A.B. asks: 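Before I ask anything, let me first share the structure, which is written out below as structure tokens.
Along the sequence shown, the residues carry numbers beginning at 1. For clarity, every value in this text was computed on a predicted model and none was experimentally measured.
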Amino acid sequence: MIHDVAIIGAGPAGLCLARALSGHGLSVVLLERQAERELADPAFDGREIALTHASQALLEKLGLWRRFPAEDVAVLRDAQVFNGPSLFALKIRAEQAGAERLGHLVANQAIRRAAFKAVAECADVQLRCETSVRAIRHHPREVELELVDGESLRTRLLVAADSRFSETRRQLGIGARLKDFGKTMLVCRMRHDKPHQQVAWEWFGYGQTLALLPLNGNQSSVVLTLPPREIERLRELDEDAFAREMEQRFDRRLGAMQLVSARRAY
């Protein structure tokens, strides 16, 4: 059998593409290294995704938006950019574009879970987990994929959706230019005394970069960018010491802060 489309990688991009192709008379196969249980119930990874109105419309069309629990969707009303210790900010207001909000924030974990559930209901999408591609061979009208277990699949169209470090891209001989800035980002959720007013922050401090993504209630996703050794030190602090240091790094503009999630580093 020749598949019409083979997608390598069942992350949000691969899953959403598979869902979008479903129902159009195509044979679609989705190949993923992870086990199916990990796709069905992905672990918290700390990443909150800012979704524009256009992205929301697309997710509604694909049947994903209705699957998000209300507590996983937060309003992103406005945004502001700070420079150093200055209290002045460059403000980006939704009302300037005639809108009530810039968009929404949804956890990457929730998007992955909803996308998996949507694809699981598609009879014309075959999901193959715990597998990977060993070799790719080109033929005049198709592409042959040799899997790690020796099985061979044929497809008319091959889609590489296996992350920015795509092994598929490498096998196809498609180059990529990578730039290492020598920095690591720490992401976590924190509760704070002062309200964020549903406003996102980007704060270019001297020696650090801070971002704040407003979640529901007095809770935010915090992103701190520093050299790797400094991030590792922060990850090793106990929760109380970490919270006190984050209060200082935010110049106490949010009042007292409390860590309410695991800390992840990228």
A.B. asks: Any donor-acceptor pair under 3.5 Å linking the side-chain atoms of Ser55 with those of Thr52?
C.D. replies: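 Note: Thr52 and Ser55 side chains meet the donor-acceptor criterion.
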A.B. asks: Holding to side-chain hydrogen bond (donor to acceptor under 3.5 Å, both in side chains), I want the full list of residues that pass it with Arg67, two or more places apart in sequence or in another chain.
C.D. replies: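 Result, side-chain hydrogen bond (donor to acceptor under 3.5 Å, both in side chains) vs Arg67: Glu121.
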A.B. asks: Any chance the side chains of Arg101 and Gln198 put a donor and an acceptor closer than 3.5 Å?
C.D. replies: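 No, no side-chain donor-acceptor pair sits under 3.5 Å.
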A.B. asks: Do Leu62 and Ile111 belong together in a cluster built from hydrophobic side chains that touch within less than 4.5 Å?
C.D. replies: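 Hydrophobic grouping puts Leu62 with Ile111.
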A.B. asks: Between Trp203 and Phe250, is any pair of side-chain heavy atoms under 4.5 Å apart?
C.D. replies: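 The answer is yes, as the side chains (C-beta and beyond) meet within the 4.5 Å cut-off.
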A.B. asks: Do Leu234 and Phe242 have side-chain heavy atoms sitting under 4.5 Å apart?
C.D. replies: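 When only atoms from C-beta onward are counted, Phe242 and Leu234 do touch, with a gap below 4.5 Å.
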A.B. asks: I'd like to check Met257 versus Arg252 (side-chain heavy atoms, cut-off strictly below 4.5 Å). Are they in contact?
C.D. replies: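 Of all side-chain heavy-atom pairs linking Arg252 with Met257, none is under 4.5 Å.
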A.B. asks: Taking side-chain hydrogen bond (donor to acceptor under 3.5 Å, both in side chains) as the cut-off, I'd like each qualifying pair that reaches into residues 212-226, sequence neighbours left out, listed once.
C.D. replies: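 Of all non-adjacent pairs touching residues 212-226, those that pass side-chain hydrogen bond (donor to acceptor under 3.5 Å, both in side chains) are His192-Ser220.
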A.B. asks: Counting C-beta onward and ignoring hydrogens, is there a side-chain heavy-atom pair between Tyr266 and Lys183 closer than 4.5 Å?
C.D. replies: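 Tyr266 vs Lys183: side chains apart.
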A.B. asks: Could you go through the side chain to side chain contact (heavy atoms under 4.5 Å, CB included) check for Leu178 and Asp180 one step at a time?
C.D. replies: CA-CA 7 Å; Leu178 304 179; Asp180 186 347; over 6 Å; no
A.B. asks: List in chain and number order the residues that pass side-chain hydrogen bond (donor to acceptor under 3.5 Å, both in side chains) with Arg156, two or more places apart in sequence or in another chain; answer none if no residue qualifies.
C.D. replies: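 side-chain hydrogen bond (donor to acceptor under 3.5 Å, both in side chains) check on Arg156 returns Asp4.
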A.B. asks: Counting C-beta onward and ignoring hydrogens, is there a side-chain heavy-atom pair between Pro85 and Tyr206 closer than 4.5 Å?
C.D. replies: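 A side-chain contact exists here, since the closest heavy-atom pair is under 4.5 Å.
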A.B. asks: Name all residues meeting the salt bridge (Lys or Arg N to Asp or Glu O under 4.0 Å) criterion together with Glu146; count only those two or more places apart in sequence or in a different chain, and write none if there are none.
C.D. replies: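 In terms of salt bridge (Lys or Arg N to Asp or Glu O under 4.0 Å), with neighbours along the sequence ignored, Glu146 is linked to Arg134, Arg137.
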A.B. asks: Using the rule given for side chain to side chain contact (heavy atoms under 4.5 Å, CB included), can you reason through Val199 versus Arg77, listing the C-alpha separation, both sets of side-chain angles and the distance that settles it, and then say yes or no?
C.D. replies: CA-CA 6 Å; Val199 178; Arg77 195 189 75 218; 3.7 Å; yes
A.B. asks: Nearest heavy-atom pair of Leu127 and Ala10: which atoms, and what distance?
C.D. replies: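 Between these two residues, the closest heavy atoms are CD1-CB, 4.4 Å.
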A.B. asks: Would Ile8 and Val159 satisfy side chain to side chain contact (heavy atoms under 4.5 Å, CB included), going step by step from the backbone distance to the final call?
C.D. replies: CA-CA 6 Å; Ile8 301 179; Val159 177; over 6 Å; no
A.B. asks: Just jot down the salt bridge (Lys or Arg N to Asp or Glu O under 4.0 Å) partners of Asp45, sequence neighbours excluded, or say none.
C.D. replies: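 Listed in chain order: Arg47.
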A.B. asks: Nearest 0.5 angstrom please: Asp149 CG to Thr131 OG1, how far?
C.D. replies: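 Between Asp149 CG and Thr131 OG1, I get 5.5 Å after rounding to 0.5 Å.
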A.B. asks: Are Leu259 and Leu215 linked, directly or through intermediate hydrophobic residues, by side-chain heavy-atom contacts shorter than 4.5 Å (ILVMFWY only)?
C.D. replies: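 Per the 4.5 Å side-chain linkage, Leu215 and Leu259 are not co-clustered.
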A.B. asks: Under the rule for ring-ring contact (aromatic ring centres under 6.0 Å, His included), what residues qualify as partners of Phe68, not counting sequence neighbours?
C.D. replies: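 Counting only residues at least two positions away or on another chain, Phe68 forms a ring-ring contact (aromatic ring centres under 6.0 Å, His included) with Trp65.
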A.B. asks: Who are the salt bridge (Lys or Arg N to Asp or Glu O under 4.0 Å) partners of Glu167, not counting sequence neighbours?
C.D. replies: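 Per chain and number, Glu167 pairs via salt bridge (Lys or Arg N to Asp or Glu O under 4.0 Å) with Arg170.
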A.B. asks: What heavy-atom pair brings Leu102 and Ala79 nearest, and what distance separates the two atoms?
C.D. replies: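 That would be CD1-N, 3.8 Å.
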A.B. asks: Other members of the hydrophobic cluster containing Phe44, with the 4.5 Å side-chain heavy-atom rule, please.
C.D. replies: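 Its cluster partners, ordered by chain and number, are none at all.
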A.B. asks: Taking only residues two or more places apart in sequence, or in another chain, which ones meet Lys91 in a side-chain hydrogen bond (donor to acceptor under 3.5 Å, both in side chains)?
C.D. replies: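 Residues passing side-chain hydrogen bond (donor to acceptor under 3.5 Å, both in side chains) with Lys91: Gln80.
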A.B. asks: Return each pair, listed once, that meets side-chain hydrogen bond (donor to acceptor under 3.5 Å, both in side chains) where at least one residue sits in residues 6-33; pairs must be two or more places apart or across chains.
C.D. replies: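 Listed by first then second residue: His3-Ser27, Ser22-Asp124, Glu32-Gln34.
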A.B. asks: Among residues at least two apart in sequence or on other chains, which ones pass side-chain hydrogen bond (donor to acceptor under 3.5 Å, both in side chains) with Arg154?
C.D. replies: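 side-chain hydrogen bond (donor to acceptor under 3.5 Å, both in side chains) list for Arg154, sorted by chain: empty.
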A.B. asks: Can you sort out the partners of Glu202 under salt bridge (Lys or Arg N to Asp or Glu O under 4.0 Å), two or more places apart, ordered by chain and number?
C.D. replies: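 For Glu202 there are no salt bridge (Lys or Arg N to Asp or Glu O under 4.0 Å) partners, ignoring immediate neighbours.
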A.B. asks: Please say yes or no: joined through hydrophobic side-chain contacts below 4.5 Å, possibly via intermediate residues, are Val143 and Leu172 part of one cluster?
C.D. replies: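 Shared cluster, yes.
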A.B. asks: Group every Ile, Leu, Val, Met, Phe, Trp and Tyr by side-chain heavy-atom contacts under 4.5 Å, then state whether Leu145 and Ile7 land in the same group.
C.D. replies: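 They do not share one cluster, since no chain of ILVMFWY contacts under 4.5 Å joins Leu145 to Ile7.
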